[in-house]
Amino acid sequence: MTVRQVLPLTVAMPLGMAAVLVAIGHHAGRRMSDVLTLLAAVATTALGCAATLAASHQRVVSWLAGWSPGHDGRSVGLLLEADALGAGIATLAAALTCLAVVYGWRYFDEIAWQYHALLLVFLAGMEGFALSGDLFDMFVFFELMGVAGYALTALKIEDRSAVQGSLNFAVVNSLGAYFSLGGIALLYADIGALQLPIIGQELRTRPNPTSFVLAAFVLTACGFLVKAAIAPFHFWLADAHAVAPAPVCALFSGVMVELGLYGVARIYFVIFDGVLPGAGFRLALTVLGAVGAVVGALMCWQQRHLKRLLAYSTIAHIGIGALTVATGSAAAVGGAVLYLLAHAVVKASLFLMVGGLLNRYRSIDEIALFARARAARPLAVAYLCGGAALAGLPPFGLALGKGFVEASLDTPWVTLLVGLVSVVTAGAVLRTGLRVFLGLGAREPAEADEPPAKEQPDVQRRPALDHIGLLGPVAVLLGAGLLLGILPTWSRAVTAAGAGMVDGIGYVQAALGNPTPAPSIGPVPIWRPEDVIVGLVTTAAAMALALWGARGARAVGPRRITDAVAWVGRGLRAAHSGHLGDYVAWLLAGVGVLGVLLRLG
Amino acid sequence: MKRLRWLVCWFGICTFGILLIFAIPGLPPVGDVSHPYRDLAVRAAVEHATANTVASVNFDTRAFDTLGEEAIFFTAVLGAIALLRPARHEKDRRLPHSGRVLASTRLAGYVFLGITTVVGWDVVAHGHLTPGGGFQGGIVAGSGLHLAYVAGNYSVLQRIRPLRLLEIGEAAGVVGFIGIGLAGLVCAGSFLTNFVPMGILGGFLSGGTVALLNAVVGLEVGCGVVMLLSRFLEQDLVMT
């Protein structure tokens, strides 16, 4: 058996195990269900590793059911195609699922097997989406991820807000998916094929009016942009993250959101690169990414619900990722992938820690938790490390990726924006850390403008904060974030994988049987002295901001400016209303804005 | 806030409309004879002796995304069952009870129960030959079972609806699909390859794995529908 042949098993294995769990779940008992789930996730991780190794030399193309293309380059079959990035993300998804299972060893006792089956199906969806070389298949696995995700989000049924969060998530994502389906229909009507490489090949050889290609791109990308939580498609994300069980949040922020951006990049580089006006694509993704980054950072700072705070920080960071992908430069995309991967593991670890707090102290509110976790020393260290890593503390991988992005783009405003986002989001995380773990600063007066955050804990009992099921996965994740910065082989491999994504023609040719070796790595990320300095400065700034925030964020500077800032903050909070109608309106407007920006470019 | 909402919404709707209006001239004309995918799909169906080309697309050439679709159905049922479980404060559930049923209604119900079930499985069994297949037939057969509730009462439905068995049947439908795929991988070298003898075009035993995959999907969907409806029927809650 070659890697090519077993590639579909990355989807089939977790899915099959989910079905087995449903069949035997009533009888199997808790432990059995845990072990079987872990087994499937570990096996999928191993398969993912094998695929990644193979794909880093040459793309692995697996035409399914024996329908490989004929001499004319046409086929009725569909394919999975693993390049280093796709296979890498598939591996990340499986590995994070392993950690989620270990962390959630005692979650949902009464419906353990259903929870586990949903996790495995979610994994199968992510694997399929990451590896699919077929546009319609991407849509199917997008929906599979979605259905499992909605159920996982609402799993705490006694909590009304869980149902609301899940509903917002489901409606906005489904609506996005319908737009995507519309886009796929346009492309299919024109070309008569659904495979990414064949669409890419055909679209490049025929003269199509720009307005048609533009509409096809806007619609197809819409669903993926929703998943990626790019502004103004991002509203659902915080509502869903606020209520989902912590390990599920780790998966959402760690892989699912990144997969959305991956989907946009995949269809752009394979299908639309060179067909769509490049300037328009750059403009659109840059503007939306930058807006998302700013909105996410500002909203992040204003939260006192810890999971919501982390969720908005994800929105900010993925915005940075989007505006980097927009440039289409191989080096910058490689840097962005390193940055987002390092962000993913750190953010996942933070979600797990916050989940631990919620389960232990039955609260997720920054103020209510004030000084309560003083005794949990190891967790405090880990939490502050996570915050500092977000700020860009060397030698964490985030700082390395950020430095590499800045070096390869060399645009001052991007450097400034990235720095700003790092400082504000990390400042917010550190602020909560200082308050909750160290009891630093002031216990804020009860009349703060945000209502206290409430959430039901994930489990009935109150696990200790030095439990190995919590500290183990957290240590693994933070360790991975650190190694991404320290081990040159790792950072180089990740950057190369990202850079390979840009080579859409290579992707097309590999699928049609003319494999090209993975493109040689251009510049590799190294620790430049200025990166180290910038990293230390942003970390210090974030720390200062955190201290200022913890002490009650007393206004400094002229009154007019502070009033204006407060007004903007209030306006943004009002826009993130939790009202489903608003979210739908913003989604529609997003489609329009995307179209207008593409046209303007 | 409300005005802003409508402003944002109308901006979106108008730009979306403009986008579509400008895109439509780029589409091929209606009734265009050139259709590359149709030509390939029909040829592939005939090659594998599958009279129903749609079934050939769903269960042969694009069988993998049908696995994904089956998984979506499976997950939707699984998710609905998990979310509709009794919450901690819901001590017991009142089962649906029937009022008086006319004798003629009862007679019609039981007659059609039999007919619907047979038709459902017939649609599944001939999926590779005639329009229909596992998804459609499964829905017909599964939902048809509920005529027992319409015609009789809930306890009759409960007796002909062994939920534990159906749960296993549903899972078996997914495992079966994957198993057939794996057999294809082992026997023919690629996951989900149509590897069994194809038979003669139009014959009942034709189409190779298309018929088998139809059967397992029928099993999954038929069982899943009953599971799903059972949860909705028992949602008449007694709050304590």
Side-chain angles (χ1 to χ4, degrees), chain A residues 5 8-9 12 15-16 19-20 22-23 26 63-67 74-78 111 114-115 117-118 121 124 128 134 136-137 140-141 143-144 147-148 150-151 154-155 157-158 186 189-190 192-193 208-209 211-212 214-216 218 574 581-582 585-592 595-596, chain B residues 1 5-6 8-9 11-16 19-20 22-23 25-28 35-38 40-41 44 57 60-65 67-69 71-72 74-76 78-79 81-83 85 87-89 164 167-168 170-172 174-175 178 181-182 184-185 188-194:
Chain A
Q5 287 171 310
L9 300 190
L15 187 58
V20 168
V22 167
H26 281 285
W63 285 92
L64 285 155
W67 292 102
R74 281 277 188 167
S75 167
V76 273
L78 46 77
I111 51 155
Q114 289 170 344
Y115 165 64
L118 284 170
V121 175
D134 186 280
F136 189 75
D137 245 15
V140 168
F141 288 113
E143 286 284 45
L144 184 57
V147 174
Y150 314 147
L155 221 44
I157 53 168
E158 282 94 358
L186 281 183
D190 184 36
N208 267 310
S211 53
F212 175 79
L214 195 139
V218 169
D582 284 355
W586 282 113
L587 188 146
L588 287 169
V591 173
V596 170
Chain B
M1 207 60 222
R5 179 182 305 157
W6 280 108
V8 171
C9 186
F11 167 76
I13 290 173
C14 293
T15 40
F16 174 59
L19 200 69
L20 278 191
F22 279 102
L27 285 171
H35 198 314
Y37 186 78
R38 173 200 58 201
L40 285 171
V57 170
D60 191 340
T61 57
R62 296 186 65 85
F64 189 66
D65 77 27
L67 175 62
E69 281 149 18
I72 291 176
F74 171 78
T75 314
L78 175 64
I81 287 175
L83 297 189
R85 70 185 187 270
R88 269 180 219 110
H89 57 273
R164 281 293 302 126
E167 203 167 26
I168 293 173
E170 195 205 3
V174 174
V175 173
I178 294 171
L182 285 177
L185 176 61
S190 178
F191 191 66
L192 283 168
T193 305
N194 191 346

Practice item. Go through the steps for B:F191 and B:L67 under the test side chain to side chain contact (heavy atoms under 4.5 Å, CB included), then give the verdict. Key: CA-CA 11 Å; B:F191 191 66; B:L67 175 62; 4.1 Å; yes
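- Highest contact tally toward chain B, considering only A:F212, A:W63, A:W67, is held by A:W67 [criterion: heavy-atom pairs under 4.5 Å].
- The contact between A:I111 and chain B is made entirely by side chain atoms (from C-beta outward), counting heavy-atom distances below 4.5 Å.
- Looking at B:R38, there are no atoms closer than 4.5 Å to chain A (heavy atoms on both sides), in backbone or side chain.
- Only the side chain of B:I178 comes within contact range of chain A, with at least one heavy atom under 4.5 Å from a heavy atom of that chain.
- The residue among A:A589, A:G192, A:A215 with the most heavy atom pairs within less than 4.5 Å of chain B is A:A589.
- Listed options B:V174, B:L185, B:I168 were ranked by heavy-atom pairs under 4.5 angstrom with chain A; first place goes to B:L185.
- When heavy atoms are compared at a cutoff of 4.5 Å, B:F74 approaches chain A solely by way of its side chain, counted from C-beta outward.
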Self-check item: Full working for side chain to side chain contact (heavy atoms under 4.5 Å, CB included) between B:V175 and A:V20
Solution: CA-CA 7 Å; B:V175 173; A:V20 168; 4.2 Å; yes
Given B:N194 and B:D60, is the side chain to side chain contact (heavy atoms under 4.5 Å, CB included) satisfied, shown in steps? CA-CA 6 Å; B:N194 191 346; B:D60 191 340; 3.0 Å; yes
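- Per-residue heavy-atom pair counts under 4.5 Å with chain A were compared for B:T15, B:L19, B:D65, and the maximum is reached by B:D65.
- Interface remark: B:A63 contributes no atoms to any contact with chain A (heavy atom separation under 4.5 Å).
- Interface residue B:A44: backbone and side-chain heavy atoms are both found under 4.5 Å from chain A.
- Comparing A:G592, A:G595, A:A151 by how many heavy-atom pairs each has under 4.5 Å with chain B, the most go to A:G592.
- Counting heavy-atom pairs under 4.5 Å between each of A:L587, A:L15, A:N208, A:L9 and chain B puts A:L15 at the top.
- In terms of heavy-atom pairs under 4.5 angstrom with chain B, the leader among A:D190, A:V596, A:L214 is A:D190.
- Counting heavy-atom pairs closer than 4.5 Å to chain B, the top residue among A:A124, A:G590, A:A585 is A:A585.
- The residue among B:P36, B:G79, B:A41 with the most heavy atom pairs within less than 4.5 Å of chain A is B:P36.
- Taking the six-membered ring where the residue is Trp, B:F64 and A:F141 present tilted rings, their angle falling between 30° and 60°.
- Ranked by heavy-atom pairs under 4.5 Å with chain A, the first of B:L20, B:I72, B:L192 is B:I72.
- Chain A forms the most heavy-atom pairs under 4.5 Å with one residue out of B:E170, B:E69, B:R62, B:E167, and that residue is B:R62.
- A:L186 touches chain B through backbone and side chain together, each having a heavy atom under 4.5 Å away.
- The heavy-atom pair separating A:P209 from B:G26 by the smallest distance is CG-CA, 3.8 Å.
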Could you please spell out the steps behind the side chain to side chain contact (heavy atoms under 4.5 Å, CB included) verdict for A:Q114 and B:L83?
-> CA-CA 10 Å; A:Q114 289 170 344; B:L83 297 189; over 6 Å; no
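- Most heavy-atom pairs under 4.5 Å with chain A: of the set B:G189, B:A172, B:P25, B:G181, this distinction falls to B:G189.
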